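Structure first, then comments.
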Amino acid sequence: MLTLITVLMLAVFLAVILSKKTSVLVALVLVPIIFAVIAGFGGSIDTIVTEGIAKVAPTAALIFFAILFSRCCSTREFSIL
């Protein structure tokens, strides 16, 4: 049952983005929350989100600084030497 809900969530996510009904960021937030409520995880969404952010935050920070560093180096605003 959970696999079916996951496949439906991916299909709805793709349909919403490809039809340009909303932005990708809004779809990435709202579609999983709606399907979590449908699947019966509505009461624990806050803990799931908190744990997910705690796991992803270090990687997101690393990618953020890598993008900043590459942009600075490509525009020659930042010189190591």
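For clarity, every value in this text was computed on a predicted model and none was experimentally measured.
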Open item on the list: How long is the straight-line distance from CD1 of I48 back to CD1 of I53, given to the nearest 0.5 Å?
Closed with: 12.0 Å
Open item on the list: Nearest 0.5 angstrom please: M9 CE to L2 CG, how far?
Closed with: 9.5 Å
Could you tabulate the donor-acceptor pairs under 3.5 Å formed by side-chain atoms of residues 19-46, not counting sequence neighbours?
unit_1, atom_1, unit_2, atom_2, d
S19, OG, A15, O, 2.8
S19, OG, V16, O, 3.2
S23, OG, V26, N, 3.4
S44, OG, F41, O, 3.4

